Amino acid sequence: MTLAVRRVRAGEGERVRELRLRAVSDPGASIAFLTTYEQEVSRDQAFWDDRAAGGADGDSAAMFVAESDAAWIGTCTVLVRRTGDVDHTGRRLTSGRADVVGVYVDPPHRGTGAIDALLDTAARWTAAVGFETLSLDVHVDNARAQAVYRRAGFVPTGETFTGPIGAELAMSRSLRTL
Ligand SMILES: CC(C)(COP(=O)(O)OP(=O)(O)OC[C@H]1O[C@@H](n2cnc3c(N)ncnc32)[C@H](O)[C@@H]1OP(=O)(O)O)[C@@H](O)C(=O)NCCC(=O)NCCS
């Protein structure tokens, strides 16, 4: 079995949709994702085609997928925010920021290193587009995700807030050594 991480390609909207529907069906989805299965399943194909195209090229968003042989088994996305943007939690930003969102690995592939490869690829891309820090928010009860992020070099910033899914904490990772 081979594991590879790559950026999504324009035209892969159907695969993006299938993976997202699996993610929001996860038993832990309510403390992981800002949208529900019902919201995602009701979107039309143009939405998913746009999401794939938006994550495939340019410096504003990058969606990465982990492939085991040819199958997609995990994903994460980096969203680049500019000063004045409103982020995915509704906060207006006073400076630019790169956030990891949409982190998911299929259950049979958990504990295999897929998430480490995804986060490493995301960090390298973020450094390459000029950021010195990579940020994320994680639900206070999502202990497994927090452990993974700590292993990947993220540390709590000390900021906590109540977002759409409840109490979250912010973590960030320096990219200066990459
Ligand atoms: C979060 C996710 C991507 C992590 O990937 P993974 O392959 O499961 O992670 P790993 O198995 O490599 O690592 C899990 C870590 O959590 C730890 N862990 C597992 N269960 C735990 C628990 N209940 N409490 C605390 N730590 C826990 C493990 O010990 C391991 O840490 P270690 O390597 O320091 O020992 C995956 O579990 C997932 O997709 N979960 C559902 C969606 C989600 O929560 N996404 C994140 C949104 S912020």
Side-chain angles (χ1 to χ4, degrees), residues 1-8 15-41 43 48 51 55 61-69 71-81 86-91 93 97-126 131 133-175:
M1 195 156 61
T2 61
L3 175 76
V5 173
R6 67 167 173 88
R7 200 160 170 184
V8 71
R15 299 187 82 184
V16 170
R17 176 179 183 273
E18 286 168 8
L19 188 56
R20 181 65 179 178
L21 291 182
R22 290 207 298 281
V24 293
S25 302
D26 190 90
S30 65
I31 56 165
F33 307 115
L34 300 184
T35 57
T36 63
Y37 179 86
E38 288 68 29
Q39 287 169 312
E40 300 290 27
V41 80
R43 302 189 198 277
W48 301 106
R51 178 159 290 184
M63 178 177 177
F64 300 98
V65 290
E67 292 183 312
S68 176
D69 298 326
W72 286 15
I73 57 93
T75 184
C76 72
T77 294
V78 179
L79 297 180
V80 171
R81 324 285 192 176
V86 175
D87 75 6
H88 56 290
T89 65
R91 293 171 294 176
L93 301 187
R97 205 175 72 201
D99 289 324
V100 184
V101 299
V103 177
Y104 174 74
V105 172
D106 280 333
H109 294 272
R110 292 183 186 168
T112 66
I115 186 56
D116 304 271
L118 281 161
L119 292 173
D120 184 60
T121 304
R124 288 176 190 286
W125 180 87
T126 307
F131 282 86
T133 303
L134 185 55
S135 304
L136 58 81
D137 302 317
V138 57
H139 195 283
V140 294
D141 294 336
N142 198 340
R144 188 176 184 119
Q146 288 176 36
V148 164
Y149 297 145
R150 258 185 243 109
R151 197 173 71 208
F154 289 84
V155 292
T157 65
E159 183 192 1
T160 57
F161 64 98
T162 302
I165 60 171
E168 295 201 69
L169 59 92
M171 302 181 84
S172 69
R173 172 188 165 175
S174 172
L175 304 176

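Order of listing sets the numbers, starting from 1, for every ligand and every atom in it. Here the structure is a predicted model, which means the values were calculated and not measured. Counting from 1, the numbers follow the sequence of the chain as shown.
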Identify the closest protein heavy atom to [atom]: which residue and atom is it, and at what distance?
atom	answer
atom 12 (O) of ligand 1	Arg151 NH2, 2.9 Å
atom 48 (S) of ligand 1	Tyr149 OH, 3.1 Å
atom 25 (C) of ligand 1	Ala143 CB, 3.5 Å
atom 9 (O) of ligand 1	Val148 CG2, 3.2 Å
atom 43 (C) of ligand 1	Ala32 CB, 3.5 Å
atom 45 (N) of ligand 1	Val103 O, 2.8 Å
atom 8 (O) of ligand 1	Arg144 NE, 2.7 Å
atom 17 (C) of ligand 1	Ala147 CB, 3.7 Å

Closer than 3.5 angstrom, by distance alone: can the side chain of [X] be matched with the main-chain N or O of [Y] as a donor-acceptor pair?
X	Y	answer
Arg6	Val65	no
Asp137	Met171	no
Thr75	Phe64	yes

Using a strict cut-off of 4.0 Å, indicate which atoms of ligand 1 neighbour a heavy atom of [X].
X	answer
Phe33	42 (C)
Asn142	43 (C), 44 (O), 46 (C), 47 (C)
Ile115	3 (C), 5 (O), 7 (O), 9 (O), 12 (O)
Tyr104	39 (O)

- For ligand 1, note which part of Arg110 has a heavy atom under 4.0 Å away: side chain, backbone, both or neither.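 For Arg110, backbone and side-chain atoms both sit under 4.0 Å from ligand 1.
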- Side chain, backbone, both or neither: Leu136 near ligand 1, heavy atoms under 4.0 Å: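 Neither; nothing of Leu136 gets under 4.0 Å from ligand 1.
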- Of all residues at least two apart in sequence or in a different chain, which pass the side chain to side chain contact (heavy atoms under 4.5 Å, CB included) check with Asp141?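 By the side chain to side chain contact (heavy atoms under 4.5 Å, CB included) rule, Asp141 matches Ile31, His139.
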- Query: Arg20 and Thr35: side-chain donor and acceptor closer than 3.5 Å?
  - Reply: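 The criterion, which ignores hydrogens and geometry beyond distance, is satisfied for Thr35 and Arg20.
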- Query: Salt bridge between Arg91 and Asp99, side-chain N to carboxylate O under 4.0 Å?
  - Reply: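 Salt bridge between Arg91 and Asp99, a charged N being under 4.0 Å from a carboxylate O: no.
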- Message: Strictly below 4.0 Å, N to O, side chains only: are Asp120 and Arg124 in salt-bridge contact?
- Response: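 Salt bridge between Asp120 and Arg124, a charged N being under 4.0 Å from a carboxylate O: yes.
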- Indicate whether atom 33 (O) of ligand 1 is within a distance of less than 4.0 angstrom of some protein heavy atom.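 Given the 4.0 Å cut-off, atom 33 (O) of ligand 1 counts as touching protein heavy atoms.
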- Do protein heavy atoms approach atom 4 (C) of ligand 1 to less than 4.0 Å?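 When distances to the protein are checked, atom 4 (C) of ligand 1 has a heavy atom within 4.0 Å.
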- Query: Is there a side-chain contact between Gln146 and Leu169 (heavy atoms, below 4.5 Å)?
  - Reply: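 Sidechains of Leu169 and Gln146: in contact.
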- Message: For Val148 and Leu119: C-alpha separation, side-chain torsions, deciding distance, then whether side-chain contact (heavy atoms from CB on, under 4.5 Å) applies.
- Response: CA-CA 10 Å; Val148 164; Leu119 292 173; 3.9 Å; yes
- Query: Which distance, rounded to the nearest 0.5 Å, do you find between the CZ of Arg7 and the OG1 of Thr121?
  - Reply: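 Here the rounded value is 12.0 Å.
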